[in-house]
Amino acid sequence: MDFLPVFHNVKGKLCLVVGGGEIGKRKAGVLLEAGAKVRVVAPEIDPELAKQQGVESVVARFEAKYLEDVTLIIAATNDRSVNQNVSELAQARGIPVNVVDDPELCSFIMPAILDRSPLMVAFSSGGASPVLTRMMRGKLETIIPQNYSRLAAFAERFRELVKTRVTNPAKRRIFWENALDGVIAEKVLTGDEASAEVMLQKLLESEDNIEHGEVYLVGAGPGDPDLLTFRALRLMQKADVVVYDNLVSKPIVEMTRRDAERIFVGKKRNDHTLQQEEINELLVRLAKEGKRVVRLKGGDPFIFGRGGEEIETLAAEGIPFQVVPGITAASGVASYAGIPLTHRDHAQSCVFVTGHLKDGTMNLDWEQLARPKQTVVVYMGLHGLETLCSELIKHGMPDTTPIALVQQGTTPNQRVITGTLATLPSIAQREKPQAPTLIIIGGVVTLRDKLAWFHPHPAN
Ligand code: SAH
């Protein structure tokens with residue numbers, strides 16, 4: 001064993017980061033997460049880093065005096081002589097020091113971490129290969145997909161061919177690393193080996209033998225990170241860039257690769273941070289820059305998610321993509337609220353509709369929705385709740401029909417409000433539910449009293 005693995009308590013302690021760029025920012029971020037106070041010293045400091053709470057920024061060249069009262073040091077400059085100076089001064093004073101990507105100058109090394117506080121897993125290769133340790137972490141996080149055996153068989157099938165085409169062993173290694181971790185591998189893992197083979201041949205014929213960007217359109221489920229699919233998680237760990245909107249819960253965004261760039265594209269009712277067309281273009285641009293892009297969407301990308309439009313643009317531009325289904329709000333939220341969407345005694349069918357108002361009116365097939373023995377689930381319906389209830393009654397649904405509003409379903413903030421078509425609008429006026437809220441209408445809502453009890457989340 002080359003290093004002693006320990007977990008260092010830096011809560012409230014002053015730690016020093018030398019270097020104010022992208023890497024310094026990331027390292028300071030980790031220290032802040034661990035509760036440290038961070039002094040950043042650099043002639044130029046990233047403004048975002050400088051204004052973070054808990055950061056004392058010192059715009060200056062590094063000098064020994066900045067080591068005063070410091071518990072731990074990370075040097076992240078791109079000047080080796082500065083890094084060396086920091087390392088020597090620190091070690092002479094017995095202060096633990098890490099120099100990014102320079103094991104020789106380190107008295108301690110930073111592991112790759114899997115954060116499930118208070119449970120924490122740290123991986124290290126003793127500085128030998130940070131990439132390897134990060135990959136190990138990713139594997140543990142996603143659980144290796146079942147069809148990895150297929151991938152191995154695929155690689156074996158093309159081993160000889162690749163050997164004859166890419167004769168330089170170092171280049172060949174890079175080729176395989178690339179192929180086994182990119183679009184080609186994804187194709188194999190999803191069972192489309194024919195396309196994978198075409199892509200591999202193309203890659204062999206290309207000049208640099210390196211494949212380019214791709215987009216994963218990933219359904220992130222309704223909120224609880226536990227409801228992610230293995231594939232979603234695996235791709236989130238692979239992505240260079242994450243594009244997400246406000247339906248994706250923070251803990252889920254946190255599960256993406258630690259050093260991935262994160263781009264928030266908003267989207268609230270009537271407050272579109274980026275227009276849909278701009279999002280489509282952004283995805284294309286990032287992929288064309290050679291990046292692996294995860295487009296994280298709440299619930300399922302193909303259910304009121306405009307996923308279809310996003311992939312249409314990608315397809316038109318010839319950018320490889322895959323769509324990963326997610327648990328849609330109806331399914332996740334109903335389950336966590338103790339409401340089965342179908343039930344022999346109450347509903348033989350279930351319809352999902354959007355209650356999004358266009359010009360203040362809701363354009364729905366009311367007759368169809370008012371049919372008996374059916375559960376109606378309304379997405380984006382909160383704003384039109386009153387219209388919804390009154391139209392359904394007008395079209396023959398009994399005004400005693402039970403209805404539930406579930407706000408922030410599956411999250412620790414889940415809130416359920418129930419009533420009938422007649423009573424709910426005034427109850428909602430009093431209770432003021434906030435988006436995202438899902439509306440469930442039908443006899444199945446009465447089952448909640450019996451069933452919610454069994455669910456991990458408190459029935460409120
Ligand atoms: N593609 C998403 C739906 C996007 S439309 C999916 O498959 O779930 C956005 C609407 O989904 C919200 O207005 C709300 O009605 C519903 N929704 C999404 N997440 C929700 C949650 N956690 N709790 C309640 N409703 C939710």
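Counting starts at 1 for both ligands and their atoms, in listed order.
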Participant: Should you measure from each heavy atom of Val406, which atoms of ligand 1 turn up under 4.0 Å away?
Facilitator: 24 (C)

Participant: Are the ring centres of Phe264 and Tyr244 closer than 6.0 Å?
Facilitator: yes

Participant: Strictly below 4.0 Å, N to O, side chains only: are Glu214 and Lys291 in salt-bridge contact?
Facilitator: no

Participant: Considering Gly219, Ala435, Ala329, which one's heavy-atom position lies nearest to atom 18 (C) of ligand 1?
Facilitator: Ala329

Participant: Could you list the atoms of ligand 1 found under 4.0 angstrom from a heavy atom of Gly298?
Facilitator: 1 (N), 2 (C), 6 (C)

Participant: Say you draw a straight line from CD of Glu289 to CG of Leu286; how long is it, rounded to the nearest 0.5 Å?
Facilitator: 5.5 Å

Participant: Quick one: does Gln408 get within less than 4.0 Å of ligand 1, heavy atoms only?
Facilitator: yes

Participant: Looking at non-hydrogen atoms alone, which of Leu247, Leu438, Thr437, Leu382 comes nearest to atom 15 (O) of ligand 1?
Facilitator: Thr437

Participant: Which atoms from ligand 1 have a heavy atom of Pro222 less than 4.0 Å away?
Facilitator: 21 (C), 22 (N)

Participant: Please classify the Thr328 to ligand 1 contact at 4.0 Å (heavy-atom distances, strictly less than): side chain, backbone, both or neither.
Facilitator: both

Participant: Is the shortest side-chain N to carboxylate O distance from Glu391 to Lys394 below 4.0 Å?
Facilitator: yes

Participant: So among Arg26, Arg258, Lys11, which one has a salt bridge (charged side-chain N to carboxylate O under 4.0 Å, His left out) with Glu33?
Facilitator: Arg258

Participant: By number and element, which atoms of ligand 1 are closer than 4.0 Å to a non-hydrogen atom of Val333?
Facilitator: 21 (C), 23 (N), 24 (C)

